[in-house]
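Values reported hereafter were calculated over all heavy atoms of this structure, with side chains retained and with hydrogens, waters and symmetry mates removed.
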Amino acid sequence: GAVGAPDALPALGGRGPLAGPGGGAYFSGTSDVLGLSLSDRPAATGPLLSAPVVDTGRWQLYGPTQSSGGSLGWALRSLASTPMDLDVALATAMTVPPGAEGLFFLPYLEGERAPLWDPRARGAFIGLTSSHSQGHLLRAVLEGVAYSVRHILHTAEELAGTTAQELRLAGGGSRMGPWNQIKADVCRRQVCPCVTSENGVLGAAMLAASAAGIHADITSAGEAMVQLQPSLQPQTGLREVYDRGFERYVTLSLVSSLRSHG
């Protein structure tokens, strides 16, 4: 027999990082989901979620965001008189220096899930001045989403006492090369986009192939069925700017959540 699962877990499994602990699985779509593969059930999950990886003894410690690709979609619709072309928007954002010259974006347009779990949290541009352009706004959106992903990653790594070796990325967001590089730089992890972006379907197929005996188990199914594009390395020269940015982002996120309850 075969066991199904909610959409996020086959999508995480469909990245194939489950052959051993320390793999980071990252799905980027309207919402993002990031998971850390562990050798045992986590002793504590804190503000994250956990689930066993079928037939392996391993566990995923993971968390979903609420509006990642959704924030970019909002920006494409709202930051110009007519909806912007995606490639044009990405190119415009990349003309702005990393850090968006002090402009921050909180991607809480629909509240936020992990690690805040606050439906009343609200999005914001913070630090906006007359010197900021459309490119700054777009860059801040891309970086704000990347910070929200690092927030989950940082929380998972602290809870598990381990560091992700890499982030295997799929979903619609995985097709956006400039944004993938920003995510690698902000998270300070190697990002490995998968060849297929439909990894929820691929993860379900891996479960079915294992149940049907085509592959011995889910681990060997992942090794055979998951293919990766060339990896993106974090640029070491940007570590300081994004470490400072992340510290400020976390502070701003907590202030936003507290004010939502004021």
Side-chain angles (χ1 to χ4, degrees), residues 8 11-29 31-39 42 46-50 53 58-65 68-69 72 90 93-94 98-99 107 114-115 139 141-195 197 199 222 226-250 253:
L12 293 180
R15 280 145 197 76
L18 307 180
Y26 178 12
F27 176 83
S28 178
S31 299
D32 283 9
V33 183
L34 187 135
L36 186 62
S37 182
L38 305 176
S39 57
L48 302 184
L49 306 171
S50 67
V53 181
R58 290 182 286 275
W59 283 70
Q60 283 279 309
L61 180 63
Y62 70 98
T65 69
S68 47
L72 178 58
L90 292 175
M94 297 307 286
R139 177 106 195 185
V141 169
L142 300 179
E143 291 180 342
V145 170
Y147 284 133
S148 74
V149 173
R150 178 169 170 177
H151 203 179
I152 295 175
L153 176 64
H154 175 78
T155 303
E157 290 179 335
E158 283 204 329
L159 286 166
T162 188
T163 300
Q165 300 162 5
E166 64 182 12
L167 302 179
R168 291 196 179 182
L169 174 63
S174 69
R175 298 191 293 269
M176 303 178 198
W179 202 4
N180 294 344
Q181 185 61 60
I182 288 174
K183 291 171 179 177
D185 294 334
V186 167
C187 293
R188 292 170 37 198
R189 298 291 182 272
Q190 173 178 274
V191 169
C192 305
C194 295
V195 170
S197 61
N199 286 65
V226 176
Q227 296 178 317
L228 301 176
Q229 300 179 45
S231 60
L232 299 168
Q233 302 297 326
Q235 301 175 79
T236 56
L238 299 181
R239 178 168 181 166
E240 183 176 353
V241 65
Y242 281 135
D243 281 356
R244 289 199 312 267
F246 178 65
E247 289 177 4
R248 186 178 179 197
Y249 172 87
V250 171
S253 73

How long is the gap from [atom1] on [X] to [atom2] on [Y], to the nearest 0.5 Å?
X	Y	atom1	atom2	value
Gln181	Leu90	CD	CG	13.0 Å
Leu61	Leu38	CG	CG	5.5 Å
Ser253	Phe246	OG	CZ	8.0 Å
Cys187	Leu34	SG	CG	7.5 Å

What are the two closest non-hydrogen atoms of [X] and [Y], and how far apart are they?
X	Y	result
Gly46	Leu159	N-CD1, 4.0 Å
Ala114	Gly63	CB-CA, 3.8 Å
Ser37	Arg58	OG-CD, 4.2 Å
Tyr147	Val241	OH-O, 4.3 Å
Ala184	Pro234	O-CB, 3.3 Å
Phe27	Gly171	CE1-CA, 3.6 Å

Using modelled atom types and a 3.5 Å cut-off, is there a donor and acceptor pairing between side-chain atoms of [X] and backbone atoms of [Y]?
X	Y	value
Gln233	Gln190	no
Trp179	Leu142	yes
Thr65	Asp32	yes

Go through the side-chain N and O atoms of Glu143 and Tyr242 and say whether any donor and acceptor fall under 3.5 Å apart.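 Yes, a side-chain donor-acceptor pair sits under 3.5 Å.
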Going through the distances and angles, do Leu153 and Leu167 end up as a side chain to side chain contact (heavy atoms under 4.5 Å, CB included)? CA-CA 10 Å; Leu153 176 64; Leu167 302 179; 4.3 Å; yes
Hey, does [Y] have a side-chain heavy atom less than 4.5 Å from the side chain of [X]?
X	Y	answer
Arg189	Gln165	no
Lys183	Leu232	no
Pro193	Asn180	yes
Ser148	Tyr249	yes
Ile152	Pro115	yes
Glu166	Ser231	no
Pro98	Arg139	yes

Stepwise, does the side chain to side chain contact (heavy atoms under 4.5 Å, CB included) test hold for Val250 with His154? CA-CA 11 Å; Val250 171; His154 175 78; over 6 Å; no
Does this structure show an ion pair linking Asp185 with Arg150, if we count only N-O contacts that are shorter than 4.0 Å?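 Looking at Asp185 and Arg150, the cut-off is not met.
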